[in-house]
Amino acid sequence: MSAVILAADDVNVALNVGFGIIAAMMIFAAISVVTSKNVVHAALWLVMVLAGMAAQYILAGAEFVAASQVLVYIGAVMVLFLFGIMLTRAQIGREAGLNNKQWALGVPVAVIVFGLLGWVIIDAYGDDVLPETTPTPTVELSDQFLDIYLLPFLAISFILLAAAIGAIVLARKD
Amino acid sequence: MLAVNFLLLAAALFSIGVYGVIARRNAVMVLMSIELILNAVNLNLVAFAMMTDVVDGQVFALYVIAIAAAEVGVGLAMVLMIYRNRRSIALDELSEMSG
């Protein structure tokens, strides 16, 4: 597979090698997230997936999205997860009973989902070559946000406010 | 670089996330698997933005990041509430609403 990709015309080899290494790391880390017997280790493997995702965004020329990924996911969401693990008193260490009784059902479902998605993707995009990436200037993104996407932008600030208030109301102790 | 690279990676992460949602019993672990799924979708959006050379895909990816942050906040608050009321966050014990 990788040899086929590298042999395609008009392909930046270094970009592909970087992509392949990061992708392999991400898939290994993602499988570790869903199979780890230790909740804290799963959270730390998730950091690996999120960091790899930020690297892929940079390869795709989406620098502002990569910066947001690092700030929001690795900075904020992971702290929330670690607090959630701490406050629900998960054992620090291996823990039995992290999986359902029917966990084995998930394997064929995931394989079928991946098979279908992969088939559709390869059928639709075959060997389309992506155009050479140039990093997207953040100015272009902000032009979109403050022009045609202004209304959803305002709506999302209300959603964040509602989520913050809702989280406080739900988690309060009285 | 081929377009299918990004899309196949996103499909793999999505399937792994689906497996995690089905297999895990601990509510925090299910939320982590949902994060995997949301990230896979984001990678697709960025790849489509790259393919069409329009930045709208990146704008949508940023919206998804914001929604995911809100979702984790509310989700973990709910998990904490469930933990306080029941001393357990095992999802298969939350069966009051099953028919």
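Naming convention: chains lettered A, B, ... in sequence-line order (proteins, then strands); numbering from 1 in each chain. In this text the structure is predicted, and so the values were computed from the model without any measurement. Heavy-atom basis, side chains included; hydrogens, waters and symmetry copies ignored.
Under a cut-off of 6.0 angstrom, the local environment of CE in Met25(A) is crowded, with over 12 non-hydrogen atoms contributed by other residues, nucleotides or ligands. For Tyr63(B), the OH atom counts as densely surrounded, since its 6.0 Å shell holds more than 12 non-hydrogen atoms of other residues, nucleotides or ligands. Surrounding CZ of Phe60(B) are at most 12 heavy atoms belonging to other residues, nucleotides or ligands under 6.0 Å away. When the shell of 6.0 Å around CZ of Arg172(A) is examined, it contains 12 or fewer heavy atoms from other residues, nucleotides or ligands.
The shortest side-chain heavy-atom distance between Tyr83(B) and Leu87(A) does not fall under the 4.5 Å cut-off. Under the 4.5 Å side-chain criterion, counting only non-hydrogen atoms from C-beta, Asn39(B) is not in contact with Val49(A). Residues Tyr19(B) and Trp103(A) form a side-chain contact, since some pair of their non-hydrogen atoms from C-beta on lies under 4.5 Å apart. For the pair Ile65(B) and Val65(A), the minimum side-chain heavy-atom distance is below 4.5 Å. Between Leu170(A) and Leu80(B), every side-chain heavy-atom pair lies at or beyond the 4.5 Å cut-off. Using a 4.5 Å heavy-atom cutoff, the side chains of Val46(B) and Gln69(A) are not in contact. The side-chain heavy atoms of Phe81(A) and Met32(B), taken from C-beta on, include a pair separated by under 4.5 Å.
Contacts between Phe153(A) and chain B at a heavy-atom distance below 4.5 Å involve backbone atoms as well as side-chain atoms. Contact annotation for Val72(A): only side-chain heavy atoms (C-beta onward) come within less than 4.5 Å of a heavy atom of chain B. With a 4.5 angstrom heavy-atom cutoff, Ile168(A) does not touch chain B via any of its atoms. There is no contact between Ala90(B) and chain A, counting heavy-atom distances below 4.5 Å. In this structure, the portions of Phe6(B) lying under 4.5 Å from any heavy atom of chain A include both its backbone and its side chain. For chain B, the nearby part of Phe145(A) is the side chain; its heavy atoms alone come within less than 4.5 Å. Both the backbone and the side chain of Leu43(B) come within contact range of chain A, each with at least one heavy atom under 4.5 Å from a heavy atom of that chain. Contacts of Leu80(A) with chain B are made by both backbone and side-chain atoms, with heavy-atom separations under 4.5 Å. With a 4.5 Å cut-off on non-hydrogen atoms, Ala23(A) touches chain B through its backbone and its side chain both. Interface residue Val109(A): only side-chain heavy atoms are found under 4.5 Å from chain B. For Leu76(B), the part lying near chain A is the side chain, with the backbone staying farther off; criterion is any non-hydrogen pair under 4.5 Å. When heavy atoms are compared at a cutoff of 4.5 Å, Leu15(A) approaches chain B by way of both its backbone and its side chain. Neither the backbone nor the side chain of Leu91(B) has a heavy atom closer than 4.5 Å to any heavy atom of chain A.
Each of Leu36(B), Asn42(B), Leu13(B) was checked for a side chain to side chain contact (heavy atoms under 4.5 Å, CB included) with Met53(A), and the lone residue meeting it is Leu13(B).
Hydrophobic clustering (ILVMFWY, side-chain heavy atoms < 4.5 Å, transitive): Leu9(B) and Leu116(A) are in distinct clusters. By the criterion of side-chain heavy atoms lying less than 4.5 angstrom apart, applied directly or through intervening Ile, Leu, Val, Met, Phe, Trp or Tyr residues, Ile22(B) is grouped together with Val30(B) in one hydrophobic cluster. Note: the hydrophobic cluster containing Met81(B) does not contain Val79(B) (ILVMFWY, side chain heavy atoms under 4.5 Å, direct or indirect links). When the side chains of ILVMFWY residues are joined at heavy-atom separations under 4.5 Å, either directly or via intervening members, Met48(A) and Phe28(A) end up in a single hydrophobic cluster. Residues Val41(B) and Val54(B) fall into different hydrophobic clusters, defined by Ile, Leu, Val, Met, Phe, Trp and Tyr side chains chained together at heavy-atom separations under 4.5 Å.
Shortest non-hydrogen contact noted between Ala70(B) and Ala163(A) is CB-CB, 3.6 Å. Between Val59(B) and Gln144(A), the shortest heavy-atom distance links the atoms CG2-CB, 3.7 Å. Looking at every heavy atom in both residues, Gly118(A) comes nearest to Leu8(B) through CA-CD2, 3.8 Å. Here the closest non-hydrogen pair linking Ser36(A) and Arg24(B) is O-NH2, 2.8 Å. Annotation for Ala167(A) and Gly73(B): closest pair CB-O, 3.9 Å, computed over non-hydrogen atoms.
Comparing Gly84(A), Ala30(A), Gly20(A) by how many heavy-atom pairs each has under 4.5 Å with chain B, the most go to Ala30(A). By number of non-hydrogen pairs under 4.5 angstrom with chain B, the leading residue of Phe114(A), Tyr125(A), Phe19(A) is Phe19(A). Note: Asn99(A) leads Ile156(A), Leu117(A), Asn99(A) in heavy-atom pairs under 4.5 Å with chain B. Ranked by non-hydrogen atom pairs under 4.5 Å with chain B, the options Ala124(A), Ala76(A), Pro152(A), Ala104(A) are led by Pro152(A). Of the listed residues (Leu59(A), Val113(A), Thr136(A)), the one with the most heavy-atom contacts under 4.5 Å to chain B is Thr136(A). Among the candidates Val74(B), Leu62(B), Ile89(B), the residue making the largest number of heavy-atom pairs closer than 4.5 Å to chain A is Leu62(B). The candidate from Val28(B), Val55(B), Ile67(B) with the greatest count of non-hydrogen atom pairs under 4.5 Å with chain A is Val55(B). Of the listed residues (Ala10(B), Ala27(B), Ala11(B), Gly20(B)), the greatest number of heavy-atom pairs within a distance under 4.5 Å of chain A belongs to Ala11(B).
The structure places CE of Met29(B) at 8.5 Å from OG1 of Thr35(A), a figure rounded to the nearest 0.5 Å. Rounding to the nearest 0.5 Å places CD of Glu71(B) at 12.5 Å from CD1 of Ile159(A). A distance of 9.0 Å separates OG1 of Thr134(A) from CE of Met50(B), quoted to the nearest 0.5 Å. Remark: Ile85(A) CD1 to Asn26(B) CG distance equals 8.0 Å, nearest 0.5 Å.
Formation of a donor-acceptor pair under 3.5 Å by the Arg25(B) side chain with backbone atoms of Lys101(A) is not found in this model.
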